[in-house]
Every structure is written in C-alpha cells, then in structure tokens.
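Since we're looking at a predicted model, the values are computed, not measured.
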Amino acid sequence: MTDATCLDLASLLPAGSALHLQPGDRLCRVNGRPFTGSPEDLAARFGTGPLALGFRRGEIDFTVLAETATLGRWQPAPAPALAEGPRLHPEALRNWEVLAAPDGTYDIQPLPCSSLALLATPLWLLQMRLWGLAAALAAGVALALAVQPWFAAGVYVLAAIHVGRAGAAYLRADRKLRGLMPRAVLAARSEGEVHATWALLEPRARFLFARTAALPEPASA
C-alpha cells in the first residue's frame with residue numbers, strides 16, 4: 001500500500017446499480033492507469049465519452065465502461081501499489097452483461113445488443129438460442145408471404161428493427177426462465193476476456209452452453 005488514496009463505493013446510485021457494482025468495490029484504475037484522487041478528480045476525467053473504470057473486488061480486478069462518475073457515494077480508501085500497466089482505450093472495449101444462476105451457470109451478452117440482431121435477425125436469434133422467437137419470426141414471414149411478397153418483406157423489416165432494439169430484453173427474459181438473472185457488467189475487448197474475468201469473480205462459473213465432455217468407454221474385460 002502507498003500513502004495515496006483511491007475511492008471505494010460506500011453505497012450505490014442508479015448508475016452504479018445498472019452496472020451491477022457492489023458496495024466495497026474499489027476504484028483503482030481509469031483507462032488502465034492507476035488512479036488516485038477524490039470524487040471531484042474522478043468527475044473531472046469524464047468528457048464526451050465513457051471511461052474504462054478498473055475496480056478491485058476482494059483480490060480480483062475487473063473493468064466497466066461508465067458514462068458518469070455518479071455511480072454511488074464515494075469514500076477515500078488506501079490505494080494499492082499497482083504496476084503502471086497498458087493504457088486502455090474505451091472505444092476498443094464494450095460492456096458485456098453476465099447473467100447467472102445460484103449454481104454458477106451463466107451466460108453473457110454484449111451491451112448494447114449486437115448489430116447482428118438488426119442486420120441478420122434470424123442468425124442472431126439462432127446464435128442466442130432464442131428458438132421461440134426465431135420460430136415466431138419465421139411463421140410471421142411465411143404467413144405474410146402467402147398474402148404478398150412485399151408484405152412479407154415489410155413484416156421482416158419491422159421485426160428486425162424491433163429485435164434490434166429489444167434483443168437484450170428478449171434474451172434476459174429467456175434466461176430468466178432458465179433461472180439466470182443479471183449479475184454483472186464487465187468491459188472487455190472480446191467474449192473470451194469476459195469468460196476469463198467472470199471465472200475469477202465466480203469460481204463455480206459454468207457456461208450455460210458449454211459442451212460436456214463425453215465419458216470414456218469402459219475398459220473391456
């Protein structure tokens with residue numbers, strides 16, 4: 001530890017709750033670089049875009065993209081001794097939502113919803129395992145096609161726009177039926193980074209759609 005201070009979240013405001021932060025989370029980095037200072041110093045760092053805020057929870061570090069410093073009530077805390085580390089560019093990151101069940105089963109989705117939901121709606125629905133919604137889209141387009149081809153095209157375009165806007169909510173509703181609830185928001189450059197960070201934060205983590213290894217054949221007598 002050093003004599004410098006960073007910031008702890010003592011309590012949460014709506015913006016902090018939306019990022020699924022927790023009281024006691026310690027802000028240690030901003031855009032990858034060690035941060036020390038007051039709440040006013042943090043607020044002064046925000047400009048026209050989000051910042052990559054690096055928090056420490058217990059012994060685990062994670063990052064979120066935030067648009068504001070008003071995430072909660074901040075209080076000074078001893079700053080840990082940190083290596084300088086590489087600079088993080090917020091524009092190269094995106095937030096991912098982690099949805100998890102009490103037994104450790106989890107899934108993730110990008111925030112905001114992937115552009116694939118708008119540009120290739122059927123593919124996105126299948127990729128997200130939203131089978132019921134994919135079937136409803138196919139049935140609606142098929143019924144419209146029986147009337148007029150142009151009507152089917154219109155139905156598809158309207159459905160694609162709707163799913164592009166509400167895709168994240170549809171996925172949350174589907175995963176809720178599976179017992180998963182939103183648990184965290186993690187900023188990362190790739191899906192693989194999200195899985196790696198969540199495995200550190202939740203040791204029992206088991207991806208919902210992970211392939212189960214086949215059991216070995218019993219040895220013959």
Side-chain angles (χ1 to χ4, degrees), residues 14-21 49-50 52 62-67 90-199 201-202 204-214:
S17 297
L19 292 171
H20 299 284
L21 296 170
F62 64 96
T63 303
V64 301
L65 287 177
E67 300 279 354
E91 61 272 14
L93 305 174
R94 73 183 307 170
N95 277 337
W96 298 72
E97 184 177 56
V98 181
L99 305 101
D103 66 356
T105 304
Y106 77 98
D107 193 11
I108 64 174
Q109 68 164 332
L111 299 175
C113 189
S114 169
S115 58
L116 193 65
L118 174 62
L119 300 177
T121 305
L123 179 60
W124 181 82
L125 292 172
L126 295 176
Q127 186 182 56
M128 295 295 104
R129 281 85 167 180
L130 296 174
W131 315 120
L133 202 56
L137 174 61
V141 171
L143 288 172
L145 187 62
V147 178
Q148 285 288 346
W150 62 264
F151 187 43
V155 168
Y156 176 83
V157 169
L158 290 175
I161 293 172
H162 176 69
V163 171
R165 292 176 176 174
Y170 279 119
L171 189 137
R172 289 188 196 104
D174 178 84
R175 300 309 187 253
K176 183 177 181 180
L177 293 175
R178 300 171 185 257
L180 282 64
M181 298 294 290
R183 285 276 307 281
V185 171
L186 302 174
R189 288 166 293 198
S190 67
E191 184 175 339
E193 288 185 8
V194 183
H195 288 294
T197 302
W198 184 245
L201 289 167
E202 176 50 76
R204 298 179 303 155
R206 179 174 61 84
F207 185 48
L208 177 63
F209 301 109
R211 294 181 179 178
T212 304

Shortest non-hydrogen contact between Arg204 and Pro102, atoms and distance
NH2-O, 2.7 Å
In Å and rounded to the nearest 0.5 Å, what is the CG to CH2 distance from Leu130 to Trp124?
5.0 Å
A quick test of your reading: do over 12 heavy atoms of other residues, nucleotides or ligands sit less than 6.0 Å from CZ of Phe151?
no
Go through the steps to decide whether Val163 and Leu118 satisfy the test side-chain contact (heavy atoms from CB on, under 4.5 Å), and finish with yes or no.
CA-CA 7 Å; Val163 171; Leu118 174 62; over 6 Å; no
Side-chain touch Thr63/Leu186, heavy atoms, less than 4.5 angstrom
no
Ring-face cation of Arg183 near Tyr106 (centre distance under 6.0 Å, axis angle within 45°):
no
If I compare all heavy atoms of Pro90 with all of Ala52, which pair ends up nearest, and what's the gap?
CG-N, 4.0 Å
Just how far is it from atom CD of Glu191 to atom CD1 of Ile108, taken to the nearest 0.5 Å?
4.0 Å
Distance col, row Leu171:CG vs Arg129:CZ, nearest 0.5 angstrom, shows 10.5 Å
For the side chain of Asn95 and the backbone of Leu65, is there at least one donor-acceptor N/O pair under 3.5 Å apart?
yes
Side chains of Asp107 and Phe207, heavy atoms from C-beta outward: is any pair under 4.5 Å?
yes
Atom CG in Leu123, atom CE in Met128: separation rounded to 0.5 Å?
9.0 Å
Decide yes or no for Tyr170 and Leu125: does some side-chain heavy atom of the first lie under 4.5 Å from some side-chain heavy atom of the second?
no
Shortest non-hydrogen contact from Ala152 to Ala144?
CA-CB, 3.5 Å
Between Ala205 and Ala199 the two heavy atoms that sit nearest each other are CB-CA, 4.3 Å
What closest approach, in Å, do Cys113 and Ala168 show between heavy atoms, and which atom pair accounts for it?
SG-N, 4.1 Å
When you look at CZ of Arg178, are more than 12 heavy atoms from neighbouring residues, nucleotides or ligands closer to it than 6.0 Å?
yes
Could you grab the distance from atom NE2 of His162 to atom OG1 of Thr121, nearest 0.5 Å is fine?
11.0 Å
Under the 3.5 angstrom rule, does the side chain of Arg175 hit a backbone N or O of Ala100 as a donor-acceptor pair?
no
